[in-house]
There are 2 protein chains.
Amino acid sequence: MDDGKPPPEAPKRSRIQKRNRKRILDAALNVFSQHGYRGATLDQIATEAGLSKPNILYYFDGKAAIHVDLLNTLMAEWLAPLQEMDPEGEPLDELMRYISRKLAMSHAYPRESRLFANEIIQGAPRMGPHLASGLKTLFDEKCALIASWVQRGKLAPVDPGHLIFSIWAVTQHYADFEAQVEVLMPRKAETRAGAEAHVEALFRKLLTPPGYSVRTP
Amino acid sequence: MDDGKPPPEAPKRSRIQKRNRKRILDAALNVFSQHGYRGATLDQIATEAGLSKPNILYYFDGKAAIHVDLLNTLMAEWLAPLQEMDPEGEPLDELMRYISRKLAMSHAYPRESRLFANEIIQGAPRMGPHLASGLKTLFDEKCALIASWVQRGKLAPVDPGHLIFSIWAVTQHYADFEAQVEVLMPRKAETRAGAEAHVEALFRKLLTPPGYSVRTP
DNA sequence: TCGTGCCTTTACCAATTGGTAAAAAACATG
DNA sequence: CATGTTTTTTACCAATTGGTAAAGGCACGA
């Protein structure tokens, strides 16, 4: 695959460039995550960034380039928790820790979650290759790892792929459907703690292998 | 609330009107569900419907009206399974049946699911009232029902609100993130059966109360 | 045959879209 | 302060946007 951005080569950006690029990306994250690619406008991004439209096009090669930049950055950070699931660790602990980190990320970075959701809902037109290469590899690798854990009896029998899907679904739901959650469950502080407990219980019950240290003998 | 459309009064639409309105709504469902409200264009809807743009505006009072019509229709059908969860039935059966129906709907109506997802992700700007009134009432009612089931020991202790959220999240995920699922799990026929089994196991394990007819004594 | 009411098209609009050219301003550095 | 470079603004542009006005078509009963 081609890298749109050069991490090994020197980006050598001036102070001003770094500051303004960050402003633009932050504004674009707001706008893209709320309206999707086509629904977002450069004028809106410019206004939100406090810059003029031509000035934005001085820093980025067009609307698409901003979107791609956001998506690239996002993917790397987004997949880190899954990547760090340790084959050497205790299987149930590793999975529960992954779930917990994923849920925490949804709470901390709801805009990123919605940006990603928007792109996927629209059929991933600007991210298809990204998915098929990087994500697919990681997904398959971790599926195999989970399958081996199941085989060794360290986890209850479970379909690894669908397990990962349901983890993503449940955790990201709190970010992507925030508007709905807030209407239906207005007390915010409680919601977060409740979500954590619920998600923890949901997956612990699913994954705990039979006869694994029953709490009520 | 005000009704945009008159269900009690006679809609009295001609053959042609019924046919063309259906065409327009179907085309609009495609476009809105893929691009969100702002990303959708009347020209695109018109082309997909096989009609001219002014002709579309002969049947609907503008882009917003089409969107609202779709959303109204959607909400009614979308909530039916939850509505039909029977207070008199066997709790675990009722919930598992609801989950199964919800998953089936996501498979059968992915466009509707994505239309709804798009609207919520964007902060539900054209559906806030709808959520706060109709949905909230139903949600609270069913939460109370589930809570009473838990109280009677018919279900394992669970937060009803978060339970419903996780049911929505997991089931809708297969529709909303279809593009991702298809990349990561290419064999389609198996995916559907696997999803059903996984979701069933996930929630059955969560909800089955302690000592409820253990399969492996 | 002629209306008449429903449907469709043609020809427009003003506003907004992503994007450009080039001048002007700000900045850095000798 | 003079000079070259980086950044920002001004003034545009063609294409697309949602929407309108008005003229045509079309079926159908009197």
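The sequence lines fix the lettering, A, B, ..., with proteins before strands; numbering per chain opens at 1. Given the structure is predicted, the values throughout are model-derived calculations rather than measurements.
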In terms of the nearest nucleotide of DNA chain C, which residue is placed more toward the 5' end: B:P54 or A:D61? B:P54
Would you confirm whether B:R126, through its side chain, and B:V68, through its main-chain N or O, come within 3.5 Å as a donor-acceptor pair? no
Quick one: does any side-chain atom of B:K142 pair with a main-chain N or O of B:M85 as donor and acceptor, under 3.5 Å? yes
With respect to B:D69, which candidate in B:K63, B:K22, B:R21 satisfies the salt bridge (charged side-chain N to carboxylate O under 4.0 Å, His left out) definition? B:R21
Closest nucleotide among C:dT17, D:dT17, D:dT9 to the B:T41 side chain: D:dT17
Counting only distance, no hydrogens or angles, is the base of D:dG18 paired donor-acceptor with the side chain of B:K53 under 3.5 Å? yes
Counting only side-chain N and O atoms of [X], is one of them less than 4.0 Å from OP1 or OP2 of [N]?
X: A:S52; N: D:dT9; answer: yes
X: A:N55; N: D:dT10; answer: no
X: A:Y58; N: D:dT7; answer: yes
X: B:Q17; N: C:dC7; answer: yes

Kindly indicate, with the supporting measurements, whether the criterion ring pair (Phe, Tyr, Trp, His ring centres under 6.0 Å) is fulfilled by A:F116 and A:Y109. CA-CA 11 Å; A:F116 184 76; A:Y109 304 105; over 10 Å; no
Using a heavy-atom cut-off of 4.0 Å across all strands, would you classify B:L42 as base, sugar-phosphate, or nothing? sugar-phosphate
For B:H35 and D:dT16, what is the distance between atoms NE2 and P respectively, to the nearest whole Å? 15 Å
How many Å lie between CZ on A:F60 and P on C:dT20, as a whole number? 16 Å
